[in-house]
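One structure is given below, encoded as C-alpha cells.
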Amino acid sequence: MSVYLALELADDRKLGAVAAEWDITDGVLDGLEATLPSAPDDTAASAALVLGRAGRPSSAATLAALGRRMRGPNLRAVALAQDLLRLEPPGRLERAEAGYRWTDPKDGEVVFVEDHLAAHWHELERWGPPIRPWLEAPILSVDRDADVERSLAQAREGRRLRVCFAREGLRRPPDLYLTRAGFGLDPKCAAHTRWSSVTSIGFLEGRRRRMAWAGADERPRALPSSPLCGPAQFEALFRGLRSAA
C-alpha cells in the first residue's frame with residue numbers, strides 16, 4: 001500500500017518561501033520551534049519538514065516531542081522529518097521530483113509527500129537550504145591563492161571549505177572545515193560548532209598569535225596557528241561566515 005500527502009502552497013507564495021528557506025538562520029529556526037507547541041497539527045507537521053531540511057541536530061528534541069503528539073498522516077510527516085534531519089538520510093528516504101518518497105519502517109508502507117520547497121532543493125541535487133552542509137558537493141580546499149569572497153560565497157551556498165595548518169613541532173593540526181552552519185574538524189559535519197553559539201572572536205597572544213572564539217561562557221577556545229591560506233584570509237573567512245549566519 002502507499003500513502004499520499006500534499007503540502008499546499010499558493011503559486012504566488014512559492015518564490016517567497018524558497019527565498020526564506022535560502023536565507024534561514026538558527027535564530028529563525030529557534031523562533032519556529034518556539035511556536036510549535038501551540039500550533040495546529042497540520043501546521044506543525046509542515047514546519048517539521050522545514051526543520052528536517054535545515055539539518056540542525058538540536059531540532060531532534062523538538063521533532064521527537066512532535067512525534068509523541070501526532071497521529072495519522074501528520075505522524076508520518078514528522079517521522080519522515082526525523083530521517084531528513086540527518087545530514088546523511090537513511091535509504092528509506094528518497095528525493096522525488098515533487099517532494100519525498102519514504103518507506104515507513106513500522107509497516108513498510110510507501111509514503112509520497114508532495115512538497116514544493118523540497119522539490120526546489122531536489123532539483124539542485126541537495127536535501128535542503130544552505131544552512132545544511134551540502135555533503136554531496138566536493139570539499140573546497142582554501143590555499144594562499146584562494147579568493148576569499150568567492151570562498152565565502154561558496155560556503156554561504158552550503159559548500160564545505162577545508163583549511164589546513166602548518167606543522168607544529170612533530171604534529172600537524174587537523175584540518176578545519178568551515179560551512180554556513182558552523183565549523184569543526186569532522187568533514188561530514190557531525191560535530192559542528194554552530195556560528196550562532198559564537199559570541200566573540202579575537203586573538204590569544206603568546207609564542208604564536210592564535211585566533212580564538214568564545215561562546216556564552218566567554219571562555220576563549222584557541223584555533224590552530226599558521227593556517228596555510230594565510231592568517232588574514234583565515235580571519236576573513238571565519239568572521240565572514242559568522243557574520244553571514
Side-chain angles (χ1 to χ4, degrees), residues 3-9 14 17-37 39-106 109-137 157-158 179-182 188-192 194 196 245:
V3 177
Y4 185 85
L5 306 175
L7 302 181
E8 300 296 334
L9 184 63
K14 288 179 184 177
V18 168
E21 276 212 7
W22 187 271
D23 292 326
I24 204 165
T25 63
D26 279 332
V28 172
L29 294 169
D30 288 341
L32 178 61
E33 290 188 25
T35 68
L36 296 187
D41 285 1
D42 288 350
T43 301
S46 178
L49 294 175
V50 175
L51 296 175
R53 279 193 292 275
R56 186 171 71 155
S58 62
S59 297
T62 297
L63 293 179
L66 279 179
R68 291 190 291 270
R69 158 185 150 189
M70 295 295 180
R71 297 292 183 271
N74 288 328
L75 176 58
R76 292 185 190 269
V78 173
L80 186 160
Q82 290 175 298
D83 276 350
L84 179 60
L85 187 68
R86 295 157 61 176
L87 293 184
E88 294 185 289
R92 60 178 173 264
L93 177 59
E94 301 173 75
R95 291 192 288 239
E97 184 177 346
Y100 304 104
R101 182 181 186 275
W102 180 69
T103 302
D104 192 326
K106 292 183 177 180
E109 284 196 323
V110 178
V111 180
F112 295 93
V113 178
E114 181 182 336
D115 184 334
H116 295 287
L117 289 175
H120 169 78
W121 301 117
H122 298 173
E123 186 176 355
L124 300 176
E125 298 185 352
R126 54 200 298 174
W127 284 105
I131 197 173
R132 179 192 187 106
W134 187 8
L135 299 188
E136 295 96 331
E157 292 176 0
T179 73
R180 181 166 175 164
K188 292 192 175 181
C189 307
H192 251 30
R194 307 289 290 197
S196 56

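Computed from a predicted structure; not experimentally measured. Along the sequence shown, the residues carry numbers beginning at 1. What's counted below: heavy atoms across the whole structure, side chains too, no hydrogens, waters or symmetry copies.
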Heavy-atom check, side chain of T62 versus side chain of R56, under 4.5 Å: no
Validation row: I24, V50 side chains within 4.5 angstrom (heavy atoms): yes
Side-chain donor or acceptor of H122 paired with backbone N/O of G99 under 3.5 Å: yes
Test item: I131 and R194 side chains (from C-beta on) under 4.5 Å apart, heavy atoms: yes
Non-hydrogen side-chain atoms of V28 and T25 separated by less than 4.5 Å: yes
R95 (side chain) donor-acceptor with A118 (main chain) under 3.5 angstrom: no
Min side-chain heavy-atom separation L87-K188 under 4.5 Å: no
Residue pairs, two or more places apart or on separate chains, that pass salt bridge (charged side-chain N to carboxylate O under 4.0 Å, His left out) and touch residues 115-131: R53-D115
Nearest non-hydrogen partners of S59 and L51, listed with the distance: OG-CD2, 4.0 Å
Close side-chain approach of P130 and W121, heavy atoms under 4.5 Å: yes
Worked verdict on R132 versus L84 for side-chain contact (heavy atoms from CB on, under 4.5 Å): CA-CA 11 Å; R132 179 192 187 106; L84 179 60; 4.3 Å; yes
CG-CD distance between L63 and E33, expressed to the nearest 0.5 angstrom: 7.5 Å
Qualifying residues under side chain to side chain donor-acceptor pair (under 3.5 Å), relative to E97, sequence neighbours excluded: none
For T43, all residues meeting side chain to side chain donor-acceptor pair (under 3.5 Å), sequence neighbours excluded: none
Test item: R76 and E109 side chains (from C-beta on) under 4.5 Å apart, heavy atoms: yes
Parallel, tilted or perpendicular: rings of Y100 and W127 (30°, 60°): parallel
Heavy-atom side-chain contact between H116 and V18 under 4.5 Å: no
